[in-house]
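Each remark here refers to the structure printed beneath this line.
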Amino acid sequence: MTSLERKHSLLFYPFLRCFGGLLFGYTLVHWYCLKSYDMLTVNEMVMIFLWPAVLAMVLLGVVLRPGISLLLFSRRNTAACYYMVTFFCLVIPILLVQQYLETATGKLTVLETINQYERLPKTKYYQVKHYHLAPSLAEEITRQYSSGRSGSQLNFEAYFTQPIFPNVKDTLSNSAHFWLCSYYEQHISANITQEQRLKYLAKFNRYVATDYPTTPFHTATYWERIGITSRTGYYENAVAKSPRYREGACILFKPHYDDFSNRNGNKLIWCFVAIVIALALYYTAVRTNRFKIEEPIRKKNKRKG
């Protein structure tokens, strides 16, 4: 067996089996859950990111590690780099496929009025024909925080929620069950003076204060029901500030202004691109590393006859 054949047998083929099994197996399970259950009650970070990452780490440690341990690395950090490349080659295409699956499997439900929401099976997307929005009753939550390595990035965020009513009369006294959400963000370098930060913040606040009241919310082509995401808690805090808020009545929607058929964008293309890049990158990593002990090439002795 040549060195390349040995690499294929001990490294690349096991990777292909893990990659294919995780990609198709987890995607099938995720698709079944999306079709059978109301997955918006589950944190999307768990289904899209956490479980694929955990499963990839298990496969890396149990299935792929024995073959990788046979490779010769000049330095310890080179081995860590190889494991990291292997992990990302496993997990990134799967994450992209799960994100595509989330939008591709979502069904559009058409409602005559918003009150029909409770009487029909829950879906991800809605198109409501008759409703009344109350931007004047909107509430806002703002947030500032640092992120990135050593807090190198400064983030400004604004969360808006406004009640959705069946008709105009309900705006006078009734509490709201449904809320339309809007989100603004800006990211700047944190390596600036305090005075510059305040200027950027003031500019961001002016833009939000001007843009939100003039947004044509009624031109939205469909709404997306918001599940448990990293932003859900801030939307709920904004809702709780409203005098029309009633405890336990917090159904959140996000407006979309493009055609429903375009909701996936180029996600499917990027899934295929990511798969090709991941396989090519890992195969390159396999080819460019050698084993600690190369297996000698055995020649068959010809029988003298």
Side-chain angles (χ1 to χ4, degrees), residues 34 37-45 102-103 106-144 156-186 204-260 263:
L34 289 171
Y37 305 102
D38 183 11
M39 294 304 293
L40 290 181
T41 59
V42 180
N43 194 319
E44 69 174 16
M45 294 292 290
E102 284 277 337
T103 56
K107 179 184 175 183
L108 180 66
T109 299
V110 179
L111 305 178
E112 285 295 328
T113 66
I114 192 63
N115 284 339
Q116 287 184 318
Y117 172 85
E118 299 292 351
R119 298 196 291 269
L120 295 175
K122 303 299 180 290
T123 58
K124 187 177 179 67
Y125 302 105
Y126 289 87
Q127 192 176 74
V128 185
K129 294 184 178 180
H130 304 290
Y131 61 92
H132 180 76
L133 297 176
S136 60
L137 299 176
E139 296 292 345
E140 177 188 8
I141 289 287
T142 58
R143 184 180 179 223
Q144 302 177 44
F156 303 138
E157 295 180 348
Y159 300 82
F160 283 88
T161 57
Q162 60 174 303
I164 306 169
F165 296 102
N167 51 61
V168 180
K169 294 185 295 182
D170 292 317
T171 62
L172 301 176
S173 58
N174 289 8
S175 60
H177 293 70
F178 310 100
W179 305 82
L180 196 66
C181 303
S182 301
Y183 172 74
Y184 295 86
E185 64 179 348
Q186 184 180 6
F204 174 74
N205 289 334
R206 285 196 301 270
Y207 172 78
V208 170
T210 303
D211 183 78
Y212 184 77
T214 58
T215 301
F217 296 107
H218 285 87
T219 63
T221 52
Y222 64 97
W223 296 343
E224 177 183 350
R225 186 163 63 103
I226 300 175
I228 302 176
T229 70
S230 58
R231 297 173 184 170
T232 303
Y234 301 104
Y235 288 133
E236 291 175 344
N237 289 340
V239 168
K241 292 174 59 179
S242 174
R244 302 302 172 88
Y245 169 67
R246 184 171 62 84
E247 189 173 355
C250 190
I251 308 299
L252 306 175
F253 295 99
K254 177 173 66 175
H256 290 274
Y257 299 91
D258 53 344
D259 192 82
F260 180 72
R263 68 191 184 282

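Since the structure is predicted, the reported quantities are computational estimates derived from the model, not experimental observations.
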Do Tyr222 and Thr109 have side-chain heavy atoms sitting under 4.5 Å apart?
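Sidechains of Thr109 and Tyr222: no contact.
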Between Arg231 and Glu185, is any pair of side-chain heavy atoms under 4.5 Å apart?
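Result yes, sub-4.5 Å side-chain heavy-atom pair found.
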Spacing of [atom1] belonging to [X] relative to [atom2] belonging to [Y], to within rounding of 0.5 Å:
X	Y	atom1	atom2	value
Thr215	Gln162	OG1	CD	9.0 Å
Tyr245	His177	OH	NE2	11.5 Å
Thr161	Trp179	OG1	CH2	6.0 Å
Leu180	Ile226	CG	CD1	8.0 Å
Glu224	Thr123	CD	OG1	11.0 Å
His256	Tyr125	NE2	OH	6.0 Å

I need the minimum non-hydrogen distance between [X] and [Y], along with the two atoms involved.
X	Y	answer
Cys181	Tyr235	CB-CE2, 3.5 Å
Asp211	Tyr184	OD2-OH, 2.6 Å
Ser182	Tyr212	OG-CE1, 3.5 Å
Glu236	Cys250	CG-SG, 3.9 Å
Ala176	Pro163	CB-CB, 3.5 Å
Arg225	Phe253	CA-CD2, 3.9 Å

Steps toward side chain to side chain donor-acceptor pair (under 3.5 Å) verdict (Asn237, Tyr159)
CA-CA 9 Å; Asn237 289 340; Tyr159 300 82; over 6 Å; no
Does the ring of Phe260 carry Arg263 above it, NZ/CZ under 6.0 angstrom from centre and within 45° of its axis?
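Yes, a cation-pi geometry holds between Arg263 and Phe260.
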Check residues 127-140 and write down every donor-acceptor pair under 3.5 Å in which the side-chain atom is one partner and the other belongs to a residue at least two apart or another chain.
from: Gln127; atom 1: NE2; to: Thr221; atom 2: O; distance (Å): 3.0
from: Lys129; atom 1: NZ; to: Glu112; atom 2: OE2; distance (Å): 3.2

Walk me through it: do Thr229 and Thr232 pass the test side-chain contact (heavy atoms from CB on, under 4.5 Å)?
CA-CA 5 Å; Thr229 70; Thr232 303; 3.1 Å; yes
Would one find more than 12 heavy atoms of other residues, nucleotides or ligands at under 6.0 Å from atom OH of Tyr207?
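No - once you tally the heavy atoms of other residues, nucleotides and ligands closer than 6.0 Å, there are 12 at most.
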Determine, stepwise, if the pair Thr142 / Val208 fulfils side-chain contact (heavy atoms from CB on, under 4.5 Å).
CA-CA 11 Å; Thr142 58; Val208 170; over 6 Å; no
Do Tyr257 and Phe217 pass the side-chain contact (heavy atoms from CB on, under 4.5 Å) test, and can you show the C-alpha distance, the side-chain angles, and the key distance before you say yes or no?
CA-CA 9 Å; Tyr257 299 91; Phe217 296 107; 3.5 Å; yes
Evaluation steps, side-chain contact (heavy atoms from CB on, under 4.5 Å), between Lys241 and Ile141
CA-CA 9 Å; Lys241 292 174 59 179; Ile141 289 287; 3.7 Å; yes
